[in-house]
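First up is the structure itself, then whatever we jot down about it.
Bear in mind the structure is a predicted one, so any value in this text is a computation, not a measurement. Heavy-atom basis, side chains included; hydrogens, waters and symmetry copies ignored. Whatever order the structure lists ligands and atoms in, that order sets their numbers, starting from 1.
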Amino acid sequence: MSPIVAKERIESLTAELKQHNYNYYVLAQPTITDYDFDQKLRELTDLEKEYPEYADPESPTLKVGGEVTKEFQTVKHRWPMLSLGNTYSEQELIDFDQRIRKAIGDNFQYVCELKFDGLSMSMTYEQGKLVRAVTRGNGVEGDDVTTNVRTIHSVPKRLGTGNYPDFFEIRGEVLMHRKAFERLNNERIEGGEIAYANPRNFASGTMKLQDSAEVAKRPLDCFLYFLYTDKPLFKTHWDSLQAVKSWGFHVSEHTRLCSSIQDALAFINEWEEKRFNLSFDIDGIVLKVNNYAQQEELGFTAKVPRWAISYKYKAEQVETELLDVEYNVGRTGAVTPVAILKPVLLAGTTVKRATLHNANEILRLNLHEGDSVYVEKGGEIIPKIISVNEAKRKPGAQPVTYLTTCPSCGTPLERKPGEAAFYCPNDEGCPPQIVSRMQHFVSRRAMNIDGLGDETIETLYNKGFLNHISDIYILKDKADELKQMDRFGEKSITNMLKGIEQSKLMPFEKVLFGLGIRYVGETVARKLVAHFKTLDRLKAATLEELTAVEEIGERIAQSLVEYFSGTIHHEELEKLRLQGLQFVAEIQEVVLQSDKLTGKTFVISGVFEKHSREELKELIEQNGGKILSSISTKLNYLVAGDNMGPSKLEKANKLNIPMISEDDLLKMIEE
Ligand code: IVH
């Protein structure tokens, strides 16, 4: 390679890898596989070695990776959070082992651990209490996400008795189990929100949320794999893992002490297949020299320890044939292309379909009819087509072209500026949209109507009984006609009608979510109802009034304004109102238990040990107290928990407002 070409390549790889680092760490939306990233990083490392004069001083090969996100307080790590060297080849593991033997001789052991595919977290404990949790960030400093980490059940907030030191730092990986990922991601898709590609992105996206109450709703787990103390407590990593486990931390049981690289390779081979039976994703195995004195002897390179390495599994890929491309029309009219494949075995399951995401993806792949395609199943649940084997393309094969009209109703498809998906705009006349809208309305998380399932909806639509959501509520007038239909027994009709009647009691937020307005998922519906209280006020809200509500962005506001401007929607909502559905927020009646706090005002801030903020609020109100929304001279008490915002603290100090703890408050009530 000529120096000019090398210079250009170094520059382009540097820019590209910086962007990928940003996508991965800051946006949690990587657009490249780990494998490809590592290959490129390697290429850059090699080129920089040969042409050091062209290396960027901030090269991604020098940085541990990532940048620090803005919204959280930045905290410097007491011990830098290093990365691990990694490899995809067994030979390189044997070379790694040789290097160690050369340095410290043959008398050592490896601890083999799963390489959890999540985000690393460093937690500090003082006197047995969790005081801080910080993300890796750029390895030197990260984000203080303590309040978010406190919501993780498997992370102890306070340790029981044990031989732990007064101060220690413990590191591990925060992750989301696959089942929870599927459930929550489906909820996002149903609400029209952008789906996460895999559990890792979901977990790291969750950690970046500002609202810890939202974090608490997303079940995360944390496996611990490293302990830092000021004075050495144990002789080996293995012993420290056992100790950490006895202090109440979650340590994986799938950890093995190996006496040779052959034993370690056996462990790696064992987990190559077994990993698919785990309830969470791993992307490899980590080998660590067990003895701390030996670790110290081996030391570090510029950015990774010489005593540890990770072996990464290649995402399994197979080649198969594209049989067809199908198009699904979703509830909101989005048309999603799906590749129909010749069935093939991949990562333990038979794959028959792969997602094609959108029209851009078809273009990117340059997909032709009957192509031979490579399919991969990495952390992703749904397999995807990685690339096409163009050498096998049949002569005369035609490119796959995206539809221009709806596959169901024939309406010309539309694309909104800045969006990748095409939509069928015929929401009132397109059968799959009508049917899935009603199916969504009756679903468990919306109106939860017993006795009216997906299939029944489809049948009743096909027979002309149901066309709009409001038709569900006039089925009761058609009981005799329904009885004439096949497979509709009297009992199931009675059950269904009873379920429909009962659903009229469902709270406004469920109704609002059930309407299936684009981007209005469960959380958004709840926030809107809490703010506007009635449908009439929500309907009348302007774009500005909507975006002023916490967590309601431009996109959601626009969608609401559009929805409420349709006359059909007005008529439909009126019909539902006449049928007695709830369009007003439930008033939570406060039952007074005592008047001990009457005349006193409170602001609650921070995280508490015994109660949630909501519970404390309720307690105060039940005892006659009043909650204020901000700190002012009218305030009597600030109930202060852990990690209270610094601005609140400052203001309270300035105004001389007494700060009380959770226990003080409880005492005031009990007295
Ligand atoms: S040890 C100096 N152990 O992999 C040693 N890391 O590529 C630091 N990871 O940043 C890490 N499972 O996020 C270690 N059992 C394990 C791990 C593990 C996953 C992650 C961790 C780390 C990255 C390094």
Legend entry - Salt bridge D283-K314, side-chain N to carboxylate O under 4.0 Å: no
Inset, instruction - Any salt bridge (Lys or Arg N to Asp or Glu O under 4.0 Å) involving residues 148-164? Give me the pairs, sequence neighbours left out, ordered by first then second residue. - result: R150-D642, R158-E609
Inset, instruction - Indicate the ring-plane relationship of F223 and F116, choosing parallel, tilted or perpendicular according to the 30° and 60° boundaries. - result: parallel
Inset, instruction - Not counting sequence neighbours, list each pair that qualifies as a salt bridge (Lys or Arg N to Asp or Glu O under 4.0 Å) and has a residue in residues 98-108. - result: D97-R101, R101-D106
Legend entry - cation_pi(R171, F226) dist<6.0 Å, angle<=45: no
Inset, instruction - Not counting sequence neighbours, which residues clear side-chain contact (heavy atoms from CB on, under 4.5 Å) with E43? List them please. - result: R9, L13, L47
For ligand 1, list all ligand N or O to protein N or O distances below 3.5 Å, rounded to 0.1 Å.
{"from": "ligand 1", "atom 1": "3 (N)", "to": "K288", "atom 2": "NZ", "distance (Å)": "3.0"}
{"from": "ligand 1", "atom 1": "4 (O)", "to": "K115", "atom 2": "NZ", "distance (Å)": "2.9"}
{"from": "ligand 1", "atom 1": "7 (O)", "to": "K115", "atom 2": "NZ", "distance (Å)": "3.4"}
{"from": "ligand 1", "atom 1": "10 (O)", "to": "R136", "atom 2": "NH1", "distance (Å)": "2.9"}
{"from": "ligand 1", "atom 1": "12 (N)", "to": "F116", "atom 2": "N", "distance (Å)": "3.0"}
{"from": "ligand 1", "atom 1": "13 (O)", "to": "S120", "atom 2": "OG", "distance (Å)": "3.3"}
{"from": "ligand 1", "atom 1": "13 (O)", "to": "E173", "atom 2": "OE1", "distance (Å)": "2.7"}
{"from": "ligand 1", "atom 1": "13 (O)", "to": "E173", "atom 2": "OE2", "distance (Å)": "3.3"}
{"from": "ligand 1", "atom 1": "13 (O)", "to": "Y225", "atom 2": "OH", "distance (Å)": "3.3"}
{"from": "ligand 1", "atom 1": "15 (N)", "to": "E113", "atom 2": "OE1", "distance (Å)": "2.8"}
{"from": "ligand 1", "atom 1": "15 (N)", "to": "L114", "atom 2": "O", "distance (Å)": "3.0"}

